[in-house]
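These notes are about the structure you will find just below.
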Amino acid sequence: MVYMKQVCLFFLMVLLPHFEAAAQNTVSGRVTDGKAPLTGANIFIYGTIEGTTADSAGHFCFYTNRKGKVTLMMTCIGYETDSLTANAENMKGLNIVMRPKSLSIDEVTVTASAFHFGKSENFKTMGALDIVLAGNSCGDIYAALQSLPGTQKVGENGKLYVRGGESDECQTFVNGMHVLMPYTATAGNTAVRGRFSPFLFKGINFSLGGYNGEYGQALSSVLPMETTDAAASDKLGFSVSPLDWNLGGTKSLHGSSLSFNASYSDMGLYNKVFPDRLDWTSPYRQLSGEAQYKREVNTIGMFKSYIGYDRTTFAQCMDNREMLFNEHNFYANATYKWTAAHGCSFFAGIANSAVFNKIDGAKTRNDHYDNIRNEIHLKACMNKSMSSAFKISTGMEDYVRHSRMEYETSQDLSHHYTLDYHVFAAFANAQLRMARHLYMNLSARMENAGYADNWNVMPRTAFSFIPNHHLQFTASWGRYSQTAKDDDIALSGKQMHQSFADHAIIGLQYNHQQTLLRIEAYDKQYRHLPLLENGKYTANGYGHSRGLDVYVENTSLISRVDMTLAYSYNDSKRLYLDFEEPRTPHYATKHNLRMTAKYSIDKLKTIVGMACSFASGRPYHLIAPTTEKRNVSNGFTPSYHSLDANLTFLVHPKMIVYASMNNILGRKNIFGYRYAADGTTRMPVTSSRNRFFYIVILVSLKNNKAYDISNF
């Protein structure tokens with residue numbers, strides 16, 4: 001009898017799960033986005049732990065003891081959460097279609113013509129070490145940016161010229177604060193360098209046009225750069241090259257960090273080994289120092305301060321005179337950003353730029369030029385996220401400027417001026433999601449240039465249509481302003497109106513399977529440009545610049561090879577400065593093409609890079625100084641060509657050796673023509689040397705990475 005009970009109990013235990021399963025309800029089906037299966041989507045009954053995930057085909061199946069009405073939840077990254085309420089007995093063979101999630105306004109860059117470098121989820125990314133090791137940059141931010149479309153090759157000075165605009169039309173900002181003079185001083189026909197170390201920044205946003213109301217005093221483009229946050233560990237590194245020596249480091253403190261960087265450049269040895277065309281009596285020398293302090297405040301605020309100083313000296317013989325050059329360049333800023341309740345954040349900053357120039361033999365023998373320029377920039381902003389679809393920001397700023405110039409000659413001829421004025425501005429931006437895939441930025445900026453005593457309102461708007469994560473269409477229009485140069489303002493008797501440029505831009509961006517494609521067309525209309533009339537500057541100049549930019553980047557076509565192609569077409573004409581009729585500026589070229597390839601050899605821990613650059617001929621317009629004005633020479637220079645190569649070798653986990661050579665073929669590129677001192681001989685304007693060789697060793701002393709980005 002006991003035996004029979006045990007047998008019955010055994011069969012009951014075996015059959016019970018089958019009876020229980022028969023009492024359960026099956027939840028099954030397939031989840032897609034309407035076209036493709038959503039692998040890994042979560043499907044579960046609300047308020048329970050009953051559920052599963054979709055397989056590679058989007059199918060799912062699980063059982064539930066629930067009866068009657070239940071709510072089935074569906075979640076998937078990048079898609080809107082969905083739900084279905086029905087009887088548990090009727091949840092077999094479901095066909096679920098999930099909608100792509102609308103991006104939060106904080107996830108969208110509603111602007112055209114922007115390239116983002118550093119810690120960014122946008123299309124183009126580049127770290128500090130990539131800038132240092134770029135094919136023709138020689139460690140300079142501005143040289144690295146000239147590989148992008150929209151920039152033009154002006155080899156005699158190396159500055160940024162964007163979409164037919166002057167170099168002064170591109171303005172630099174560090175942590176939102178303006179930099180009056182971002183370049184180092186240099187001799188004529190020699191490329192300048194940026195003052196700031198690439199290792200200083202965690203993010204660089206280069207906008208070729210269409211920027212919002214926060215940025216002003218820039219007719220063509222802006223370069224906002226964000227410094228790194230407080231470091232969590234100590235860093236120390238140095239670099240050595242035939243041109244310069246650098247030492248930088250960071251001391252981590254409790255919730256803060258203190259960093260420094262020191263640099264000394266001397267071209268004396270380099271010029272002896274690789275002579276150039278200039279007649280130096282004292283070689284180019286520069287002593288630089290930078291320091292920054294950063295502190296986190298109660299996890300909701302960040303204080304940053306920066307101070308930098310450069311001193312540059314050199315002397316050279318030119319046009320039967322000796323020119324002695326001496327410059328001091330100082331820049332400092334302090335910013336504080338903090339987050340408050342209800343989605344609000346605030347920003348306050350102050351910056352000071354000061355440049356002191358002293359030149360003997362500036363134009364003629366025994367003359368003396370003395371110039372001081374100073375700017376204090378004050379800025380305050382507020383941002384508030386009203387919802388995931390609406391965000392507003394507003395702020396105001398003031399540029400307090402002082403300039404003094406004295407010029408004296410041996411013939412007791414002198415010219416001097418002192419100039420003081422403010423540029424006050426207020427701005428407001430609104431970003432909103434108009435529909436699931438349509439976003440808009442609406443902004444306005446109001447400015448008053450104190451010397452002209454008039455207010456100007458500049459509306460700006462931008463639209464982005466983002467149908468999926470790979471494709472984006474943009475369109476923008478805006479009005480931008482900039483004060484004239486201090487010399488022009490003084491010579492006009494402070495009557496010079498601000499210059500204006502209206503930008504209209506449309507573009508396409510596609511990013512998929514390691515391929516990036518960007519196409520943009522733009523049109524800029526200039527008004528109130530400085531124009532010399534009857535020996536006095538007026539604001540009657542005008543002009544236009546229109547063109548097309550194409551950028552392609554691919555990292556998958558050939559194994560271990562990264563390739564880029566940047567092409568720009570520009571049609572630009574102006575009536576400004578001493579022009580007698582509208583014509584193409586001397587720095588503008590119709591066609592610019594640059595192709596690069598970077599090959600990684602993992603076994604040798606080596607990267608080999610090549611770059612090829614081409615630019616069509618530049619226009620020139622000469623009037624012989626010893627003849628009447630009707631003796632005019634017009635034409636175009638030969639086209640520009642340059643083949644560059646670079647090699648990066650990881651010698652040790654803490655040491656990198658980098659070498660590059662620009663213009664390997666030694667082509668003598670001509671950028672224009674000028675008359676010699678005798679007034680009759682026409683001479684080509686070229687860079688000071690055909691080739692430029694650069695080699696540097698980067699060493700990290702306290703890291704496991706060679707010259708870690710956080711060294712400074």
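Predicted model, so just to flag it, every value in this text is computed and none were measured.
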* For residues Asn261 and Gly248, report the shortest heavy-atom separation together with the two atoms involved. => OD1-CA, 3.6 Å
* Asked: Between the main-chain N or O of Ala588 and the side-chain N or O of Asn570, is there a donor-acceptor pair closer than 3.5 Å?
  -> no
* **Approximate separation, where rounding is to 0.5 Å, of Leu491 CG and Thr538 OG1** => 12.0 Å
* Minimum heavy-atom distance Phe427-Gly213, with the two atoms named -> CB-O, 3.2 Å
* **Spatial distance of atom OG1 (Thr418) from atom CD (Glu406) [nearest 0.5 Å]** => 7.5 Å
* To do: Flag the pair His586 / Phe671 as yes when at least one side-chain heavy-atom distance between them is below 4.5 Å, and no otherwise.
  => no
* To do: Using a 4.5 Å cut-off on heavy atoms from C-beta on, say whether the side chain of Leu529 contacts that of Phe579.
  => no
* Could you check Leu160 against Tyr183 for side-chain contact (heavy atoms from CB on, under 4.5 Å), going step by step and ending with a plain yes or no? => CA-CA 10 Å; Leu160 271 179; Tyr183 299 106; 3.6 Å; yes
* **Any side-chain heavy-atom pair of Tyr161 and Ser167 under 4.5 Å** => yes
* Would you check if there is a donor-acceptor pair between the side chains of Thr172 and Tyr142 at a distance under 3.5 Å? => yes
* Value rounded to 0.5 Å, distance of CG in Asn175 from CZ in Phe173 -> 12.5 Å
* To do: List in chain and number order the residues that pass side-chain hydrogen bond (donor to acceptor under 3.5 Å, both in side chains) with Thr589, two or more places apart in sequence or in another chain; answer none if no residue qualifies.
  => Asn592
* Got a salt bridge between Arg574 and Glu169, using NZ or NE/NH1/NH2 to carboxylate O under 4.0 Å? -> yes
* Structure fact -> In this structure, NZ of Lys391 is separated from NZ of Lys384 (nearest 0.5 Å) by 12.0 Å
* For the residue pair Ser476 and Gly210, what are the closest heavy atoms and their distance? -> OG-CA, 4.1 Å
* **Partners passing side chain to side chain contact (heavy atoms under 4.5 Å, CB included) against Arg460 (at least two apart in sequence or in another chain)** => Tyr211, Ser443, Arg445, Met458, Tyr480
* Asked: Are any side-chain N or O atoms of Asp502 and backbone N or O atoms of Gln525, one a donor and one an acceptor, separated by less than 3.5 Å?
  -> no
* Give a yes or no on whether a salt bridge exists between Glu156 and Arg618, defined as a side-chain N under 4.0 angstrom from a carboxylate O. => yes
* Under 3.5 Å, is there a donor-acceptor pair between the side chain of Ser257 and the main chain of Ala231? -> yes
* Asked: Will you find, in the side chains of Ser288 and Asp310, an N or O donor that is under 3.5 Å from an N or O acceptor?
  -> yes
* To do: Quick one: pull up OH in Tyr336 and CE in Met302 and give me the separation to the nearest 0.5 Å.
  => 10.0 Å
* Minimal non-hydrogen separation, Asp276 against Ser688, with atom names -> CB-O, 3.2 Å
* To do: Consider only side-chain N and O atoms of His528 and Gln498, and report whether a donor and an acceptor are under 3.5 Å apart.
  => no
* Asked: Within a strict 4.5 Å, meaning less than it, do heavy atoms of the Met405 and Tyr369 side chains meet?
  -> yes
* Asked: Does the Tyr587 side chain pair with the main chain of Gly164, one donor and one acceptor, at a distance under 3.5 Å?
  -> yes
* Taking Thr184 for its side chain and Arg193 for its backbone only, find out whether a donor-acceptor pair lies under 3.5 Å. => yes
* **Flag side-chain contact, heavy atom, 4.5 Å: Ser572 against Pro585** => yes
* To do: Report yes or no: do Ser252 and Asp234 form a side-chain donor-acceptor pair below 3.5 Å?
  => no
* To do: Kindly write out the residues that satisfy side chain to side chain contact (heavy atoms under 4.5 Å, CB included) with Ser241, not counting sequence neighbours, or none if the list is empty.
  => Leu243, Asp244, Tyr694, Val696
* Return the set of residues passing side-chain hydrogen bond (donor to acceptor under 3.5 Å, both in side chains) with Asn329 (not counting sequence neighbours), or none when no residue passes. => Arg195
* To do: Run the numbers on Tyr542 and Arg527 for side-chain contact (heavy atoms from CB on, under 4.5 Å), then give the verdict.
  => CA-CA 5 Å; Tyr542 58 90; Arg527 294 181 296 115; 5.6 Å; no
* Under the 3.5 angstrom rule, does the side chain of Thr151 hit a backbone N or O of Leu148 as a donor-acceptor pair? -> yes
* Please test Lys379 against Thr335 for side-chain hydrogen bond (donor to acceptor under 3.5 Å, both in side chains), starting from the C-alpha separation and ending with a verdict. => CA-CA 9 Å; Lys379 186 176 182 179; Thr335 63; over 6 Å; no
* Parallel, tilted or perpendicular for Tyr306 and Tyr331, by the 30°/60° rule? -> tilted
* Asked: About how many Å separate CD1 of Ile376 and CG of Asn333, when rounded to the nearest 0.5 Å?
  -> 13.5 Å
* Asked: Any chance CE of Met318 has more than 12 other-residue heavy atoms, nucleotides or ligands included, within less than 6.0 Å?
  -> yes
* Asked: Is there a donor-acceptor contact under 3.5 Å linking the side chains of Ser393 and Glu214?
  -> no
* What heavy-atom pair brings Ile350 and Met177 nearest, and what distance separates the two atoms? -> N-CE, 3.7 Å
* Would you say the side-chain atoms of Asn454 and His497 include a donor-acceptor pair closer than 3.5 Å? -> yes
* Structure fact -> Contacts of Tyr537 meeting side-chain hydrogen bond (donor to acceptor under 3.5 Å, both in side chains) (sequence neighbours excluded), chain-then-number -> none
* **His503 side chain to Tyr522 side chain, donor-acceptor N/O pair below 3.5 angstrom** => no
* Derivation and outcome, side-chain contact (heavy atoms from CB on, under 4.5 Å), residues Leu236 and Leu247 -> CA-CA 8 Å; Leu236 185 63; Leu247 175 66; 4.1 Å; yes
* **Any donor-acceptor pair under 3.5 Å from Thr250 side chain to Lys235 backbone** => no
* Contact summary for Ser403 and Tyr417, nearest pair of heavy atoms -> OG-OH, 3.6 Å
* Donor on one side chain, acceptor on other, Gln286 and Thr312, under 3.5 Å -> yes
* How about Tyr270 and Tyr284: are their ring centroids closer than 6.0 Å? -> no
* Under a 4.5 Å cut-off applied to non-hydrogen side-chain atoms, are Ile141 and Met225 in contact? -> yes
* Distance-only donor-acceptor check, side chains Thr483 and Arg401, under 3.5 Å -> yes
* Structure fact -> For Lys363, the side-chain hydrogen bond (donor to acceptor under 3.5 Å, both in side chains) test, sequence neighbours excluded, returns none
* **Under 3.5 Å side-chain donor-acceptor pair for Tyr526 and Lys524** => yes
* Asked: Any side-chain heavy atom of Lys159 sitting closer than 4.5 Å to one from Val154?
  -> no
* To do: Would you tell me whether His178 and Glu375 have side-chain atoms, one donor and one acceptor, within less than 3.5 Å of each other?
  => yes
* Distance-only, no hydrogens or angles: does the Gln482 side chain make a donor-acceptor pair with backbone N or O of Asp168 under 3.5 Å? -> yes
* Within the distance-only criterion (no hydrogens, no angle test), does the side chain of Ser499 pair as donor or acceptor with the backbone N or O of Ser481 below 3.5 angstrom? -> no
* Answer whether the closest heavy-atom distance between the side chains of His415 and Asp487 falls below 4.5 Å. => no
* Glu226/Lys304 salt bridge by N-O under 4.0 Å criterion -> yes
